[in-house]
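Since the structure comes first, as structure tokens, the remarks are kept for the end.
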Amino acid sequence: MKKIQVSPSILSADFSKLGDDIKRLEQSGADMIHVDVMDGHFVPNLTIGPPVIKSLRKYTKLPFDVHLMIDPVHKYIKDYSDAGADIITFHPEATKNILETINHIKTFNKKVGISLNPDTEIKTIEQQLNSVDLILIMSVYPGFGGQKFINRVIQKIRDLDKIRNQKKLNFKIEIDGGINFETSKIAIEAGVDILVSGTTVFKENNGDLEKNIKILKQF
Ligand code: DX5
Ligand code: ZN
């Protein structure tokens with residue numbers, strides 16, 4: 001049985017005590033911390049930037065899985081790298097040259113992720129699949145937590161998993177949006193390795209983080 005990882009999104013944490021919530025996530029079995037960066041332009045919501053990420057870095061040793069929903073993205077990579085990101089994920093629509101941005105992230109020795117919106121097809125990034133560590137499949141339109149899982153992305157996960165096997169590639173498949181105790185199972189079955197979860201981790205079972213992370217990993 002493959003090992004499933006959970007990357008809780010701090011979008012659903014208490015923003016007045018992010019440091020404490022991150023510590024609690026580490027103690028509760030989270031594998032990494034998903035940080036949603038939104039610019040109010042690429043997506044219709046605004047969250048946090050490099051200074052906040054930098055100030056959170058000291059609260060945990062877990063990797064920061066930074067999901068950049070910003071356009072343009074390329075010129076800000078260094079700032080997020082310096083702030084303490086370990087995985088830097090961007091959307092292909094937000095850069096002029098996908099491969100240049102991938103290589104730029106690699107110059108900082110960071111892992112590279114590419115995120116596909118529900119309407120973005122695999123063929124947009126097919127040439128880059130051998131250059132990335134992670135593909136983040138959006139199962140909601142990015143911008144807000146608490147949205148409903150879009151079922152049709154399951155086929156995209158299956159297709160991606162198939163390509164990965166056929167071409168013997170090593171990237172991980174991560175899913176983001178509307179993950180609950182049912183949709184997690186469907187996603188894992190389709191080929192997902194890493195589950196992002198905000199609402200389910202922070203709100204189910206009266207906010208019992210450990211319990212919620214454990215259930216998500218059960219398969
Ligand atoms: C949406 C974000 C997600 C979101 C997940 O734009 O990328 O990470 O916070 O939240 P839930 O788990 O509530 O759908
Ligand atoms: Zn995200």
Side-chain angles (χ1 to χ4, degrees), residues 4-15 18 21-22 25 28 30-49 52-53 56 62-71 73 76 80 85-94 111-120 132-154 156-157 172-188 192-209 211-217:
I4 300 302
Q5 294 192 305
V6 174
S7 184
S9 166
I10 55 168
L11 198 57
S12 297
D14 181 342
F15 269 45
L18 278 177
D21 276 2
I22 283 175
L25 287 171
S28 303
D31 297 283
M32 53 192 103
I33 303 291
H34 189 80
V35 182
D36 284 308
V37 176
M38 305 184 184
D39 67 352
H41 164 71
F42 184 71
V43 289
N45 194 6
L46 192 64
T47 56
I48 59 171
V52 178
I53 296 174
L56 294 173
L62 291 179
F64 276 177
D65 169 32
V66 176
H67 177 192
L68 296 178
M69 287 161 272
I70 62 174
D71 178 16
V73 67
Y76 295 107
Y80 288 94
D86 298 282
I87 305 168
I88 299 181
T89 296
F90 67 96
H91 287 252
E93 294 86 355
K111 288 194 171 163
V112 182
I114 291 194
S115 182
L116 298 180
N117 275 349
D119 299 330
T120 305
V132 299
D133 301 290
L134 174 86
I135 300 290
L136 177 66
I137 299 288
M138 292 309 301
S139 38
V140 297
Y141 288 94
F144 301 93
Q147 302 183 72
K148 193 175 174 301
F149 186 84
I150 299 171
N151 272 303
R152 69 186 148 78
V153 306
I154 288 298
K156 200 191 294 186
I157 297 167
K172 301 271 185 227
I173 303 177
E174 182 176 26
I175 191 156
D176 188 3
I179 289 296
N180 57 37
F181 300 138
E182 283 84 49
T183 53
S184 58
K185 293 196 170 53
I186 303 167
I188 294 165
V192 157
D193 310 283
I194 307 167
L195 301 164
V196 174
S197 166
T199 309
T200 298
V201 163
F202 281 95
K203 311 279 185 240
E204 284 295 327
N205 295 303
N206 296 314
D208 185 336
L209 304 178
K211 186 170 183 179
N212 294 335
I213 290 171
K214 203 182 226 167
I215 302 175
L216 284 173
K217 287 187 183 186

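In this text the structure is predicted, and so the values were computed from the model without any measurement. The figures that follow rest on heavy atoms only: side chains count, while hydrogens, waters and symmetry mates do not. Whatever order the structure lists them in is the order used to number ligands and atoms, beginning at 1.
Atom OH of Tyr76 has 12 or fewer heavy atoms from other residues, nucleotides or ligands within 6.0 Å.
The Zn ion (ligand 2) forms the vertex of an angle spanning NE2 of His34 and OD2 of Asp176; to the nearest 10 degrees it equals 100°.
The N, O or S atom of His67 lying closest to the Zn ion (ligand 2) is ND1. Within Asp36, the N, O or S atom lying nearest to the Zn ion (ligand 2) carries the name OD1.
Ser139 contributes no side-chain N or O that, together with a main-chain N or O of Asn151, makes up a donor-acceptor pair within less than 3.5 Å.
Ordered by chain and residue number, the residues placing a heavy atom less than 4.0 Å from ligand 1 are Ser9, Leu11, His34, Asp36, Met38, His67, Met69, Met138, Pro142, Gly143, Phe144, Gly145, Gly146, Asp176, Gly177, Gly178, Val196, Ser197, Gly198, Thr199.
When only modelled atom types and interatomic distance are considered, Ser9 and Asp36 share a side-chain donor-acceptor pair under 3.5 Å.
Closest non-hydrogen pair, Met32 versus Pro8, comes out as O-CD, 3.1 Å. Val153 and Met138 get closest at one heavy-atom pair: CG1-O, 3.5 Å.
A heavy-atom distance below 4.5 Å is not found between the side chains of Val66 and Ile87.
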Item to check | From CA spacing to verdict: side-chain hydrogen bond (donor to acceptor under 3.5 Å, both in side chains), Asn180, Thr200 | outcome: CA-CA 6 Å; Asn180 57 37; Thr200 298; 5.7 Å; no
